[in-house]
Amino acid sequence: MVFRVLILCLASTATAAIAHAPDTGATLAILPVMEPEPLPPIIWLAPPPRSGSFEAPDDGAAPQLLTLYLPPPPSPNAVALPPAAKAVLEQAMDAHDIATFAAVEKAAREQYPDGGPQIDALAAKNAAQIAEKQAADARAKAEALAAASFLDNWKGEVDLGGSYTKGNVDALAVYGAFKLNKEGLRWRHALSARADYAKSGGQLSTDKDTAAYQPQYKIDDRLYAYGLGQFDRDEILGIRYRFTEGVGLGYSLAKGSKFKLNVEAGPAVRETRYIGQPRDTKPAGRGSFNFDWKPSGNIELTNTSAAFFEGDDTNLTSTTALTTKLFGPVKGQLSYNLTYEDDVPGQAKSFDTITAAALVYTF
């Protein structure tokens, strides 16, 4: 069988084409199929002429037809990824959450490996939408902080509980504390106070107060400058009062939503009056370490530690607390506080520890 068939690959754009094959006398009809789903080509071949030559038959018979159904090329947007799978991905995009879309995207790629190009396009669109929303939220937050007054946007907590003091005196005590924090556009403010008090056998066994205020100026996203004003009193440890003023720099080593870690260092001046002794003012160096870890939405572990170095005297305080959400704004908290004073008068011990349990109200 000898044929010369001229196939014009224009069937995807032409509506119809009819050509005469001069060598065979046959008529070639090319008809495009317009179905949305591609079909395999269907080809009918005309038999050879009865004369055995390339001349058209001379008996007046109808010309032989060679019919080709040439479907349009498949659309890459309609084949590999089913509409139902695309709809699920689009629903995940509406959540505006990176983790949610990532989980659905992973499942779609495993189920439809040939749908990579379409999934890539949806993933890029989702990333662009999230970036745009984050930028809009950041602008709105910055505008709100810039317009806020000093009394706006304060958040805090109030603690009330019982404690066990061990060191100079072993005794059960009650304590109360509060914290206030404010986040501004360029400034942060932290204000805290705590009081521990107890009597044992009619005598004072715990009488300890502390209060501190620390403003912070944000130099950039992680680096900040701070000021510090602090008051301490511990009658059992022999400290009638102590005032501390300091400045320095702080840096956020980690500042994620679940884990935060800050370190600070700078000079300070400490004015201390021990019981029965004159007032003493000394320069000091200060370093601090603070972390906040939230392994889940209901549990939080924090530590606040600070050390002062005054040459012949070293003072260290550290408080570790485990907090869990109970109901509404109320939380339960277990904490451990350590105080070390290198140079203490008389027979006082250098170490004091306080183990406490409290209810915490947040606002």
Side-chain angles (χ1 to χ4, degrees), residues 96-98 127-159 177-194 210-232 243-271 283-294 297 300-309 317-319 321 323 329 331 360-363:
H96 301 292
D97 181 72
I98 296 177
Q129 289 179 349
I130 290 179
E132 182 179 357
K133 184 177 184 302
Q134 290 176 341
D137 292 344
R139 289 193 299 269
K141 181 180 179 180
E143 292 173 358
L145 292 177
S149 68
F150 180 78
L151 298 178
D152 293 332
N153 300 327
W154 285 93
K155 296 181 180 180
E157 62 183 40
V158 177
D159 306 0
F178 77 89
K179 296 179 181 178
L180 289 175
N181 295 278
K182 173 185 169 64
E183 187 79 24
L185 183 61
R186 302 298 301 180
W187 287 90
R188 280 189 295 260
H189 302 270
L191 179 64
S192 63
R194 173 170 173 152
T210 182
Y213 170 61
Q214 186 182 80
Q216 299 175 358
Y217 178 77
K218 305 174 189 177
I219 298 175
D220 58 27
D221 188 50
R222 292 181 180 270
L223 182 65
Y224 59 91
Y226 73 86
L228 174 66
Q230 183 171 314
F231 168 81
D232 297 285
F243 292 101
T244 302
E245 299 86 27
V247 295
L249 293 175
Y251 189 79
S252 299
L253 295 175
K255 52 178 306 180
S257 59
K258 292 187 176 182
F259 185 75
K260 298 177 182 179
L261 175 59
N262 295 341
V263 293
E264 298 175 353
V269 176
R270 310 194 83 190
E271 179 185 326
R286 175 185 179 271
S288 73
F289 171 91
N290 306 311
F291 78 78
D292 186 335
W293 179 39
K294 298 178 181 178
E300 182 178 10
L301 180 65
T302 61
N303 177 269
T304 302
S305 300
F308 292 90
F309 306 95
T317 59
S318 178
T319 301
T323 306
K331 300 178 181 180
V360 180
Y361 177 81
T362 59
F363 58 92

Query raised in the report: So, Ser288 and Glu264: side-chain donor and acceptor under 3.5 Å apart, yes or no?
Result: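 Ser288 vs Glu264: donor-acceptor pair found between side chains.
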Query raised in the report: If we ignore angles and hydrogens, is there a donor and acceptor under 3.5 Å between the side chains of Asp232 and Thr210?
Result: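 Yes, because at least one side-chain N or O of Asp232 sits under 3.5 Å from a partner of the opposite role on Thr210.
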Rounded at 0.5 Å granularity, tell me how far [atom1] in [X] sits from [atom2] in [Y].
X: Ile219; Y: Arg186; atom1: CD1; atom2: CZ; value: 9.0 Å
X: Arg188; Y: Glu183; atom1: CZ; atom2: CD; value: 5.0 Å
X: Ile130; Y: Ile98; atom1: CD1; atom2: CD1; value: 4.5 Å
X: Leu180; Y: Ser192; atom1: CG; atom2: OG; value: 9.0 Å
X: Phe309; Y: Arg270; atom1: CZ; atom2: CZ; value: 11.0 Å
X: Gln214; Y: Gln230; atom1: CD; atom2: CD; value: 9.5 Å

Requested in this report: Give the C-alpha distance, both sets of side-chain angles, the deciding distance and a yes or no for side-chain contact (heavy atoms from CB on, under 4.5 Å) between Asp159 and Arg194.
Outcome: CA-CA 9 Å; Asp159 306 0; Arg194 173 170 173 152; over 6 Å; no
So, for [X] and [Y], which heavy atoms are closest and what is the spacing to 0.1 Å?
X: Asn181; Y: Ala190; answer: OD1-CB, 3.6 Å
X: Ala146; Y: Leu185; answer: CB-CD2, 3.8 Å
X: Asn262; Y: Ser252; answer: OD1-OG, 3.0 Å
X: Gly250; Y: Leu223; answer: O-CD1, 3.3 Å
X: Thr244; Y: Phe308; answer: CG2-CE2, 3.6 Å

Kindly indicate whether the side chain of [X], heavy atoms from C-beta on, has any atom under 4.5 Å from the side chain of [Y].
X: Ser318; Y: Phe289; value: no
X: Thr323; Y: Thr302; value: no
X: Lys179; Y: Val360; value: no

Query - Phe363 and Tyr361 aromatic ring geometry - parallel, tilted or perpendicular at 30°/60° bounds - result: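 Taking Phe363 first and then Tyr361, their aromatic rings lie parallel (interplane angle under 30°).
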Query raised in the report: Which word best sums up how the rings of Phe150 and His189 line up, parallel for under 30°, tilted for 30 to 60°, or perpendicular for over 60°?
Result: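 Ring orientation of Phe150 relative to His189: perpendicular.
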Query raised in the report: Is there a donor-acceptor contact under 3.5 Å from the side chain of Thr362 to the main chain of Pro329?
Result: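 Looks like yes, one N/O pair under 3.5 Å.
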Report task. Would you confirm whether Arg222, through its side chain, and Tyr251, through its main-chain N or O, come within 3.5 Å as a donor-acceptor pair? Result ->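 Not confirmed, Arg222 side chain does not pair with Tyr251 backbone.
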Report task. Take Phe291 and Leu301 through the test side-chain contact (heavy atoms from CB on, under 4.5 Å) and record every step on the way to the result. Result -> CA-CA 8 Å; Phe291 78 78; Leu301 180 65; 4.2 Å; yes
Query raised in the report: Would the number of heavy atoms belonging to other residues, nucleotides or ligands and lying under 6.0 Å from CD of Glu132 be above 12?
Result: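 Check fails, neighbour count at 12 or below.
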Query - Over 12 foreign heavy atoms within 6.0 Å of NZ, Lys218 - result: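 Yes, enclosed.
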Query raised in the report: Which is it for Lys331 and Glu300 under the side-chain contact (heavy atoms from CB on, under 4.5 Å) test, yes or no, and what are the steps along the way?
Result: CA-CA 10 Å; Lys331 300 178 181 180; Glu300 182 178 10; 4.1 Å; yes
Requested in this report: Applying side chain to side chain contact (heavy atoms under 4.5 Å, CB included), name anything that partners Ala254, two or more places apart in sequence or on another chain.
Outcome: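 Ala254: side chain to side chain contact (heavy atoms under 4.5 Å, CB included) contacts with Phe259, Leu261.
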**Report entry** Side-chain ion pair, Lys141 and Asp137, N-O less than 4.0 Å
**Finding:**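 Looking at Asp137 together with Lys141, the answer is no, because their closest N to O distance does not fall below 4.0 Å.
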